[in-house]
Structure formats: C-alpha cells, structure tokens
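Here the structure is laid out as structure tokens; the discussion comes afterwards.
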Amino acid sequence: MPELPEIEVLKRSLEPHLVGDTIERAVVRDPRLREPVRPAELARRVTGRRIRALRRRSKYLLIELEGPGAGETLVVHLGMSGRLTLVPAGEPEEPHEHVAFHLRSGRRLRLRDPRRFGMVLALASDKLEQNPHFSGLGIEPLSGEFSGAWLAAAAAGRRGPVKSFLMDARVVVGVGNIYASESLYLAGIHPVRSVARLSAARWDRLAEAVVQVLSQAIAQGGTTLNDFADGEGRSGYFQISLSAYAREGEPCLTCGTPIRRIVQSGRSTFYCPRCQR
DNA sequence: CGTAGACCCTGCGCGC
DNA sequence: TGCGCGCAGGGTCTAC
C-alpha cells in the first residue's frame with residue numbers, strides 16, 4: 001500500500017487531530033504482525049502519555065510522546081496492506097484489527113493489516129537511531145542533501161539495475177515499487193540499466209525526477225490503487241497521474257509505444273521501451 | 001562484499 | 001457458481 005508519499009499524507013492528516021491528545025490505553029487484539037507486538041511493553045511505554053509531535057522517517061510513521069527524559073516514540077509501519085485510521089469511540093471492530101489506541105478525547109487510533117507485514121512498537125526516543133530498523137537507513141529524498149551527485153557517489157563501486165538501486169532503502173528511503181517506475185519514466189532511464197553506466201547528467205535527472213514524482217504524489221493525497229486511505233479514510237488520487245505503473249499495454253503518454261511490464265527482483269517494473277534508455 | 005531470490009501473509013480479480 | 005492461479009504499495013534473511 002504505502003510508500004513515502006502515502007505515509008507523509010497519513011502523517012499530515014493525523015497531525016492536527018493527534019498532537020495534544022493523550023493515549024489512555026493500548027489494546028492489542030492480534031499481536032501477529034511482521035514483528036509480534038509486545039502488549040506489555042507497548043502499554044508500559046505509551047499509556048498516559050501526551051502526543052507531542054508526528055514525524056516520518058522512510059516509510060515509518062513516528063508518533064512522539066512526552067515523558068520523563070527524552071520521551072517515547074510510537075513506531076508504526078503499514079507494510080503492504082496496513083491502514084491506520086482515527087475513528088470515534090464505539091466504532092465496531094473491523095476484521096484484521098491488530099491494535100487500537102484509546103485517546104483521552106474519546107477517539108481511537110486503530111491499525112488494520114490483513115497481510116500482517118506491518119509493525120507497531122514503542123522505543124525510547126533517544127534510542128531510535130540505534131534500532132536495527134533505523135540504523136541502516138539511507139537519505140531522505142525530500143531533504144536538501146539529496147541530489148544526483150549524492151546518488152552517483154552512493155552508486156560508486158556498485159552493480160545491478162538502477163531500479164533495484166533506487167528501491168534500496170540503505171541508499172535512499174521511501175521509493176517503493178510504484179514511484180521507482182514513475183521516477184525512471186520521468187527521467188527517461190531504462191530500469192534495467194546498470195548503475196555503473198549512468199552519466200552524471202542522468203543521475204541529476206533521476207534525482208530531480210524522484211523529487212518531482214514524490215512531491216506531486218504528496219500534493220495529490222498519495223496513490224490509492226486498492227485501499228490506501230489517510231488517517232480519516234480519504235483516498236488519494238495520484239493514481240490518475242501514473243504514467244507507467246500498472247499501464248502495461250497502454251500507450252506511452254509521450255510517444256504512444258505500448259508500456260512494457262517486466263519482473264525485476266520479483267517485482268513488476270513498468271516502462272516505455274522507446275522513451276527510456 | 002554485493003546482489004538475487006525466497007519468504008512472510010491475506011485478498012482480489014481473472015480465466016476456465 | 002466455484003476453483004485455482006497470479007498478483008499486490010514492504011522488508012528481511014539466506015545462498016551464491
């Protein structure tokens with residue numbers, strides 16, 4: 001479901017409602033997620049704490065809680081099928097509901113995740129960077145330091161197709177399967193091309209394309225192919241703007257050549273065989 | 001060391 | 001209608 005833009009949209013939609021509210025109870029209905037939820041530890045770290053701020057790192061939503069010391073951070077990852085929504089108290093439980101946070105305002109923040117690739121855990125805020133999920137993460141593509149030169153430097157001595165490189169979170173975070181195809185299409189770069197064979201100018205174009213695609217997707221509320229929704233259940237509409245992803249056989253918007261689908265590292269890649277070299 | 005593939009899950013749409 | 005198959009936005013581990 002979610003790549004960087006979807007998590008950013010989720011964060012922005014929840015922020016005004018959550019900041020200032022207090023978590024009164026963490027209810028774990030089904031601990032079976034990618035990493036089993038630890039109910040006792042979760043409750044201990046979040047119960048009674050006021051929500052100070054929301055942040056995003058990579059595809060993780062970070063809910064920062066006040067507390068003694070540096071405070072605690074509630075970490076939520078949506079995996080492929082996770083949905084985090086704010087609902088009124090008394091809303092009936094839905095299938096695949098794993099965790100619900102009861103808030104002082106009476107609302108509930110609940111996580112549903114049919115495929116169970118998601119994650120919920122709480123960490124001491126000052127230990128976040130040392131956590132294995134975060135310690136190896138690469139650069140944020142919407143940060144000022146991200147550039148073609150940065151990508152080129154990260155690619156030095158590496159091999160393999162540029163699409164896999166772009167989706168490697170140790171290099172740059174947040175670019176998943178949809179936005180990798182879209183960025184390469186916009187940059188006019190063939191997804192199979194080796195990172196060892198990209199000029200500096202093309203690295204620049206790629207970095208610009210990534211920034212443009214992600215920014216536009218955020219502005220349009222994310223991509224809803226099946227089930228993405230923000231914290232209040234609203235769908236995104238960037239799917240209307242997709243140029244390559246999920247358009248196999250349909251004409252390229254630039255040259256009319258049918259969009260092609262191939263499989264790289266077990267994931268679908270969509271590209272225009274004429275415009276992308 | 002880096003890269004490719006398998007794997008973790010459920011649900012949906014499609015063709016037969 | 002019902003069934004089997006392929007496919008799905010992610011991350012991690014293993015084998016080469």
Side-chain angles (χ1 to χ4, degrees), chain A residues 1-11 29-37 56-61 75-84 94-98 111-121 131-138 141 154-184 191-197 210 213-214 217-218 220-230 235-249 261-270:
Chain A
M1 172 206 274
E3 303 182 32
L4 183 152
E6 288 71 37
I7 305 306
E8 185 63 31
V9 166
L10 177 68
K11 180 214 148 201
R29 303 203 180 278
D30 182 355
R32 299 173 303 160
L33 289 173
R34 185 172 105 219
E35 206 169 88
V37 183
R56 179 194 56 73
R57 172 74 171 116
S58 186
K59 296 167 187 168
Y60 296 90
L61 178 69
V75 178
V76 179
H77 194 289
L78 299 185
M80 292 276 251
S81 58
R83 240 175 122 135
L84 187 70
E94 290 186 298
H96 305 295
E97 190 169 318
H98 288 86
L111 175 72
R112 294 176 52 208
D113 185 1
R115 292 179 72 183
R116 298 197 259 127
F117 292 161
M119 208 179 82
V120 176
L121 79 160
N131 182 278
H133 292 109
F134 295 91
S135 57
L137 290 179
R158 293 187 53 149
R159 315 171 272 120
V162 62
K163 194 231 185 185
S164 312
F165 178 77
L166 209 48
M167 289 179 66
D168 186 342
R170 294 166 305 176
V171 175
V172 54
V173 301
V175 183
N177 207 35
I178 294 178
Y179 299 112
S181 279
E182 290 300 303
S183 300
L184 289 164
V192 173
R193 177 172 282 272
S194 165
V195 292
R197 293 180 52 249
V210 167
V213 166
L214 296 180
I218 292 170
Q220 297 188 21
T223 298
T224 299
L225 287 181
N226 271 321
D227 54 5
F228 169 72
D230 71 13
S235 296
Y237 48 99
F238 188 73
Q239 63 275 12
I240 299 165
S241 306
L242 293 177
S243 303
Y245 188 84
R247 295 194 66 242
E248 182 182 17
R261 172 184 175 271
I262 57 172
V263 175
Q264 293 180 279
S265 306
R267 317 289 302 271
S268 290
T269 303
F270 300 87

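Residue numbers start from 1 in every chain, and the chains themselves are labelled A, B, ... in the order their sequence lines are given, proteins ahead of strands. Everything quoted here is computed from the prediction, not taken from an experiment. Computation of the quantities below employed the complete heavy-atom set of this structure, encompassing side-chain atoms and omitting hydrogens, waters and symmetry-equivalent molecules.
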Quick check: do V37(A) and H98(A) have side-chain heavy atoms less than 4.5 Å from each other? no
Heavy atoms under 4.0 Å, any strand shown: does S181(A) hit a base, just sugar-phosphate, or nothing? nothing
With sequence neighbours left out, the residues meeting side chain to side chain contact (heavy atoms under 4.5 Å, CB included) with R267(A) are M80(A), K163(A), M167(A), N177(A)
Could you tell me how far apart L4(A) (CG) and dG11(C) (P) are, to the nearest whole angstrom? 11 Å
Between atom CZ of R115(A) and atom NE2 of H96(A), what is the distance when rounded to the nearest 0.5 Å? 12.0 Å
List for me each residue that meets salt bridge (charged side-chain N to carboxylate O under 4.0 Å, His left out) alongside R197(A), sequence neighbours excluded, and say none if there are none. none
Pairing stems for DNA chain C [at least three consecutive pairs; Watson-Crick or G-U; under 3.5 angstrom]: B:2-8 with C:10-16, B:10-16 with C:2-8
Output yes when at least one side-chain N/O atom of K59(A) is less than 4.0 Å from OP1 or OP2 of dG9(C), else no. no
Contacts of Y60(A) meeting ring pair (Phe, Tyr, Trp, His ring centres under 6.0 Å) (sequence neighbours excluded), chain-then-number -> H77(A), F134(A)
Expressed as a whole number of angstroms, how long is the span from L137(A):CG to dG10(C):C1'? 13 Å
Which part of the nucleic acid, if any, lies within contact of P5(A), taking any heavy atom under 4.0 Å across all strands shown: a base, the sugar-phosphate backbone alone, or nothing? nothing
In L61(A), I7(A), D113(A), the residue satisfying side chain to side chain contact (heavy atoms under 4.5 Å, CB included) with L84(A) is L61(A)
Using only side-chain N and O atoms of S81(A), determine if any of them is under 4.0 Å from OP1 or OP2 of dA8(C). no
Note, L214(A) side chain near E8(A) side chain (heavy atom, < 4.5 Å): no
As a test of reading the structure: which of dA4(B), dG9(C), dG11(C) is closest to the side chain of T223(A), going by heavy atoms? dG9(C)
In whole angstrom, what separates R83(A)'s CZ from dA8(C)'s P? 20 Å
Q239(A) CD to I178(A) CD1 distance, which is reported to the nearest 0.5 Å: 9.0 Å
Does R112(A) have any salt bridge (charged side-chain N to carboxylate O under 4.0 Å, His left out) partners at least two apart in sequence or in another chain, and if so, which? E94(A)
Please tell me if R267(A) has a side-chain N or O lying less than 4.0 Å from either OP1 or OP2 of dA8(C). no
Determine the Euclidean distance between corresponding C1' atoms of dG9(C) and dT3(B); express it in Å to zero decimal places. 23 Å
CE-CG distance between M119(A) and L33(A), expressed to the nearest 0.5 angstrom: 9.5 Å
Would one find a side-chain N or O of Y179(A) under 4.0 angstrom from OP1 or OP2 of dG9(C)? no
Looking only at the side chain of M167(A) (C-beta and beyond, no hydrogens), which of the listed nucleotides dG9(C), dA8(C), dG10(C) gets closest? dG10(C)
What's the gap between dC9(B) and dC3(C) when it is taken at their P atoms, as a whole Å value? 24 Å
Using a 4.0 Å heavy-atom cut-off to protein, can you give one letter per nucleotide of nucleotides 7-12 of chain B, 5' to 3': B if the base is in contact, S if only the sugar-phosphate is, - if neither? -BBBS-
Rounded to whole angstrom units, what separation is found between the NE2 atom of H133(A) and the P atom of dC13(C)? 8 Å
Please determine if a side-chain N or O atom of R261(A) lies less than 4.0 Å away from the OP1 or OP2 oxygen of dC7(C). yes
L166(A) CG to dG10(C) P, in whole Å, measures 12 Å
Against the side chain of F228(A), the closest entry in dT12(C), dT3(B), dG9(C) is dG9(C)
Y60(A) side chain: which of dA8(C), dG10(C), dT12(C) is closest? dT12(C)
Round to a whole Å and report the spacing from CG of L61(A) to P of dG9(C). 21 Å
When all nucleic acid strands are considered with a 4.0 Å heavy-atom cut-off, which category describes G176(A): base, sugar-phosphate, or nothing? sugar-phosphate
If you look at every heavy atom in N131(A) and H133(A), which pair is closest and at what distance? OD1-N, 2.8 Å
Atom NE2 of H77(A) and atom P of dT12(C): how far apart are they, to the nearest Å? 8 Å
Take atom CD1 of I178(A) and atom P of dA8(C), then tell me their distance rounded to the nearest Å. 11 Å
What's the closest nucleotide to the S164(A) side chain, out of dG9(C), dT3(B), dA4(B)? dA4(B)
